[in-house]
Amino acid sequence: MTSPYQTPIRPSRKVLTALAAAALAALITGCAGTPTQESTGEYLDNSVITTKVKTALLNAEDLRSGDISVVSFKGKVQLSGFVTTEADRQKAELIARDVQGVKSVTNSIEVKGQ
């Protein structure tokens with residue numbers, strides 16, 4: 001004997017499609033960037049940019065880059081820290097600008113005498 005109260009409830013295709021669309025929209029929106037927050041992809045891209053800039057600075061001849069910090073956000077790189085000459089400050093900026101993916105560079109490096 002089957003009771004009418006034991007009939008399984010099966011959602012319609014329209015309901016399942018709507019739920020899937022809502023879940024997909026929530027997933028996409030959750031990973032989207034905003035003006036003040038990076039998306040997951042942008043975060044990874046900027047990690048690569050930061051690493052490339054740091055590597056380029058470390059590999060530069062005649063530039064003591066141990067006191068230079070690099071931060072990037074949405075392709076915009078900010079350099080900060082200390083160097084001993086204005087020429088080193090300018091060289092660090094030029095190196096950063098030449099890295100692929102860098103859209104702009106803010107140079108906040110300070111020149112500090114020896």
Side-chain angles (χ1 to χ4, degrees):
M1 269 185 159
T2 34
S3 165
Y5 299 109
Q6 293 178 349
T7 305
I9 298 173
R10 293 190 180 134
S12 70
R13 285 188 179 199
K14 288 182 181 180
V15 171
L16 290 175
T17 302
L19 287 173
L24 183 60
L27 180 66
I28 291 170
T29 304
C31 294
T34 65
T36 58
Q37 186 176 5
E38 296 172 309
S39 70
T40 304
E42 289 170 330
Y43 176 81
L44 293 174
D45 291 345
N46 282 304
S47 295
V48 170
I49 290 171
T50 298
T51 301
K52 286 182 178 181
V53 171
K54 286 181 178 182
T55 301
L57 290 171
L58 286 171
N59 290 334
E61 293 182 24
D62 302 327
L63 178 65
R64 293 182 56 197
S65 59
D67 291 332
I68 299 174
S69 296
V70 180
V71 177
S72 57
F73 180 76
K74 296 191 179 231
K76 299 174 183 175
V77 173
Q78 178 164 359
L79 303 175
S80 60
F82 302 97
V83 293
T84 54
T85 67
E86 180 62 28
D88 284 347
R89 181 180 185 280
Q90 292 173 6
K91 185 174 185 177
E93 182 175 341
L94 290 173
I95 290 169
R97 286 187 188 282
D98 284 343
V99 171
Q100 183 179 4
V102 173
K103 295 177 182 173
S104 66
V105 176
T106 301
N107 190 346
S108 300
I109 298 173
E110 294 182 34
V111 176
K112 192 174 186 181
Q114 296 176 336

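Keep in mind it's a predicted model, so treat the numbers as computed, not measured. Along the sequence shown, residues carry numbers from 1.
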Q: Decide yes or no for T84 and V111: does some side-chain heavy atom of the first lie under 4.5 Å from some side-chain heavy atom of the second?
A: no
Q) Is V83 close to D67 at the side-chain level, that is, under 4.5 Å between some pair of heavy atoms? A) no
Q) Does CD in Q100 sit with more than 12 non-hydrogen atoms of other residues, nucleotides or ligands closer than 6.0 Å? A) no
In Å and rounded to the nearest 0.5 Å, what is the [atom1] to [atom2] distance from [X] to [Y]?
| X | Y | atom1 | atom2 | value |
| --- | --- | --- | --- | --- |
| S104 | K74 | OG | NZ | 13.0 Å |
| K91 | E61 | NZ | CD | 7.0 Å |
| Q90 | I95 | CD | CD1 | 12.0 Å |
| N107 | R89 | CG | CZ | 4.0 Å |

Which pair of non-hydrogen atoms, one from [X] and one from [Y], has the smallest distance, and what is that distance?
| X | Y | result |
| --- | --- | --- |
| V70 | L79 | CG2-CD2, 3.8 Å |
| A92 | I68 | CB-CD1, 3.9 Å |
| V77 | S72 | CG2-CB, 3.9 Å |
| E93 | V105 | CG-CG1, 3.9 Å |
| A96 | V53 | CB-CG1, 3.9 Å |
| V99 | A56 | CG2-CB, 4.3 Å |

Q. Judged by atom type as modelled, is there a donor-acceptor pair below 3.5 Å linking the side chain of R97 to the main-chain atoms of K103?
A. no
Q. Does V71 belong to the same Ile/Leu/Val/Met/Phe/Trp/Tyr cluster as I109, with side-chain heavy atoms less than 4.5 Å apart forming each link?
A. no
